[in-house]
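The structure appears below as structure tokens.
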Amino acid sequence: MRHFQLCILLLFWASVSVAREGMWVPVLLHQNIEEMHEMGFRLNVEDIYSDDNASMKDAVVQFGGGCTGELISPEGLLVTNYHCGYRQIQQHSSLVNDYLTNGFWAMERSEELPNPGLTVTFLIRMEDVTKSVFEGTDTLENQLEIERIKNENIPKILADVEVDSLHNKTIKPFFEGNQYFLIITETFKDVRLVGAPPSAIGKFGGDTDNWMWPRHTGDFSLFRIYADKNNRPAEYSPDNVPYKPRHFFPIDIGGISEGDFTMIFGFPGRTSEYLPSDAIEMILEHRNPNRISIRDIKLDILRKAMENNAENRIKYAAKYASTSNAWKKWQGEINGLRRLNAVERKRQNEALYLEWVKTNNSKTEEYGHILPMFDSLYTLFEPRQQAYDLYTETWYRGIDLYRLFSVIQSIINTADEFDTAYYTEEIQNHFKDCSFDVDRKLFTELCGNYFQQASKNFLTQALKNLFLSDNTSKKLERIYDQSILTDTTALLSLVRNAKIKRLGNKLKRDKLYQLMKIVSEQYNGVIYPDYYDTKEAIDQNQQQYITALFEMNRGKRMYPDANFTLRVSYGKIEGYTPRDAVIYNHYTTIKGIMEKDNPEIYDYNVSDKLEQLYKENDFGIYGKADGTMPVCFTASNHTTGGNSGSPVIDANGNLIGINFDRCWEGTMSDMMFDPDKCRNIALDMRYMLFIIDKFADAGYLLEEMKLIK
Ligand code: ARG
Ligand code: ASP
């Protein structure tokens, strides 16, 4: 019996490394390469990652901290998603030069637009330093003691690593601190905007289609990396020259077929594939529903405000998009986890784990406590997580005015040597994207909800008087209307003239300011410390759990959760079956754009020129042999947030697509990957080239690219 169970157990955990699932560390790819070859890949590990020779990794960058980009020319031309460059494109736009509506194309190098603050980072080298980090911990048993030694070792190891003065070095934990890598990077700071389609193409489908397949979004934008005369990173200067990369991706326009090998090379942000059942249950039953319900309030207010008001639409477009992105994903995640029976599945695995733990005494002693510990920690954690989310979703991400409150608070705190120009600009920025009706609604509704949800213990007597009586929303409106924080002229005049004392005196009597002050004190004094304590204990337990899983799976492949480091995912081009009797094709065409065309729906507004090209079948060399124009495709690569903009690479190492999203039925892949339903969504390179060449008449940009038919 025991033997039989052990067999099932091995089968179970083997699923950890089922083909298509996993975000693999590039320096450890030798464990995958055979399987990659079986799936059709024609190159070797050295072609993907090499310390000594040029390899694909030299053409992949972390773009702006949260996305990925890749080099597509020997002159530093870089492509990423439209939604990754959105902020830059928006910042360059004005009513006169409305690049959002019309697109932007630099007709020559001198027209490329600098973007202060935007950086791209290359991985130079990475190395497993786990042994050195754990040095001197062999005989220790106390977890805290082990962590202390590790934390002492890390700076020592770093101090001994010699790097170029323009490189950065860091040591990052993998597998929750069971493995460590030294990571050396190079960051470029002069990154200029080269081209972007109009948002009716780059954001086609908008929030309506977001996280969905079939998709028709031309989600790309082009930038160029500039370097000094020695090809090294430098601050922006008109004297800088286009960066010459060690490698760039040729673009294959020969076409794709279902079943073709695909690989994604990029910087996935965060996943949590090894969570226990208790955590999944908490997220499924409490965390996601709580966060969704708070965002419902905000999104409802914004939707109504934007519906028939062009000014509000501009002011709140970016806020709406970023609020709705995670809101929608959490809903997909709930559906997916339920469909997979995720909690039950995890419980079955845990039963097998306990079986394994019982196979000998030393294992019981070392690992027997972990699951019961999770059980009690998550019971303690759930209300704390809830309080934390309620705060962050309401104040930090919900009520825009709360940011203004923090700005004013730091003015008061830095009274003596405060920077008038800086703070004036901060305040102006707040009011620029603010419409008072909307802002007031956000405050009264979200704040009202906050105190209804928050435990009554949090309410001071003053707040009780306010909230435990009738007419709360009328009272909140009055507080809002009477506050100096909502009086643009008075506030700016005090700050501009550095009348800080007067401002301070006014704030003492300002009910809105005082209310937010109480909120922030409660967060810093109670909510956060409680949350953090338990979170830390959970993280430590999770670390030991992974140690145990390592031992249990000895000889098997496991991949570490995403942590913003460079990873490889591989799979195939394939469609999927979302539900009974429905089969999704693996690619979409321009015909689908025309089918969606609907001037009534903002997200489905097709540009006239695109329609014209479609009617004339004018697809240049980019259309398919059957006369259609491909737009997007799906593949079974394991991806997450941060993978946006990642190159989709074919069996020969050429670029066939740019990753930008996942499908609705697969949004739970950050916690549980389903090879049948999890698909990443990519833009077909041919559609990008068609837009540049035929739509935008910027074909000169193609001259520096290398196209392969
Ligand atoms: N869902 C994609 C990702 O997580 C795209 C988001 C941008 N698009 C949008 N409509 N909000 O980043
Ligand atoms: N859209 C995501 C991003 O911006 C990618 C994803 O979550 O699949 O990184």
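Every number for a ligand or one of its atoms is a count from 1 in the order of the listing.
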Ligand-residue contact atoms, ligand 2 with W211, heavy atoms, under 4.0 Å: 7 (O)

Short side-chain to backbone donor-acceptor contact, S93 and D98, under 3.5 Å: no

Which atoms of ligand 2 are found less than 4.0 Å from any heavy atom of N643? 9 (O)

Distance col, row T565:OG1 vs M126:CE, nearest 0.5 angstrom, shows 5.5 Å

Sub-4.0 Å atoms of ligand 1 with respect to non-hydrogen atoms of A321: 11 (N)

Any donor-acceptor pair under 3.5 Å linking the side-chain atoms of N290 with those of D389? no

For F660, the ligand 1 atoms whose distance to one of its heavy atoms is below 4.0 Å: 2 (C)

For G642, the ligand 2 atoms whose distance to one of its heavy atoms is below 4.0 Å: 3 (C), 9 (O)

Heavy-atom nearest neighbour in the protein, as seen from atom 3 (C) of ligand 1, with distance rounded to 0.1 Å: N325 ND2, 3.6 Å

Is any N or O atom of T639, backbone or side chain, closer than 3.5 Å to an N or O atom of ligand 2? no

Just do the disulfide (SG to SG under 2.5 Å) check on C67 and C84 with the steps written out, would you? CA-CA 6 Å; C67 278; C84 294; 2.1 Å; yes

Numbered atoms of ligand 1 (with element) below 4.0 Å of D661, judged on heavy atoms: 1 (N), 2 (C)

Is H83 touching ligand 2 with its side chain, its backbone, both, or neither, if touching means heavy atoms under 4.0 Å apart? side chain

Just by distance, with hydrogens left out, do N341 and R338 show a side-chain donor and acceptor under 3.5 Å apart? no

List ligand 2 atoms under 4.0 Å from D661, heavy atoms only on the residue side. 1 (N), 8 (O)

Minimum non-hydrogen distance to atom 5 (C) of ligand 2, winning option of G666, S644, S669, A326: S644

Under 3.5 Å side-chain donor-acceptor pair for Y243 and D190: no

Is a donor from one side chain sitting under 3.5 angstrom from an acceptor on the other, for N32 and Y570? yes

Polar atom proximity, R662 to ligand 2 (N or O, under 3.5 Å): yes

Give the residue, atom name and distance (to 0.1 Å) of the protein heavy atom nearest atom 12 (O) of ligand 1. H83 NE2, 3.4 Å

Please report whether ligand 2 has a polar contact with G66, defined as an N or O pair separated by less than 3.5 Å (distance criterion only). no

Which residue and atom name correspond to the protein heavy atom nearest atom 11 (N) of ligand 1, and how close is it? D207 OD1, 3.3 Å

Donor-acceptor pair between E333 and T667 side chains, under 3.5 angstrom: no

Mark yes when over 12 heavy atoms from residues, nucleotides or ligands other than K319 sit less than 6.0 Å from its NZ; otherwise mark no. yes

Does C67 come within less than 4.0 Å of ligand 2, judged by its heavy atoms? no

For residues Y576 and Y584, establish whether the separation of their ring centroids is below 6.0 Å. yes

Who's the nearest protein heavy-atom neighbour of atom 1 (N) of ligand 1, and how far? N210 OD1, 2.7 Å

Within ligand 1, which atoms have a heavy atom of G206 less than 4.0 Å away? 10 (N)

Using heavy atoms and a threshold below 4.0 Å, how should the contact between N659 and ligand 2 be classified: side chain, backbone, both, or neither? neither

Parallel, tilted or perpendicular, judged at 30° and 60°: which one describes the rings of W395 and Y402? tilted

Once you measure the plane-to-plane angle for H247 and F249, does it fall in the parallel (<30°), tilted (30-60°) or perpendicular (>60°) bin? perpendicular

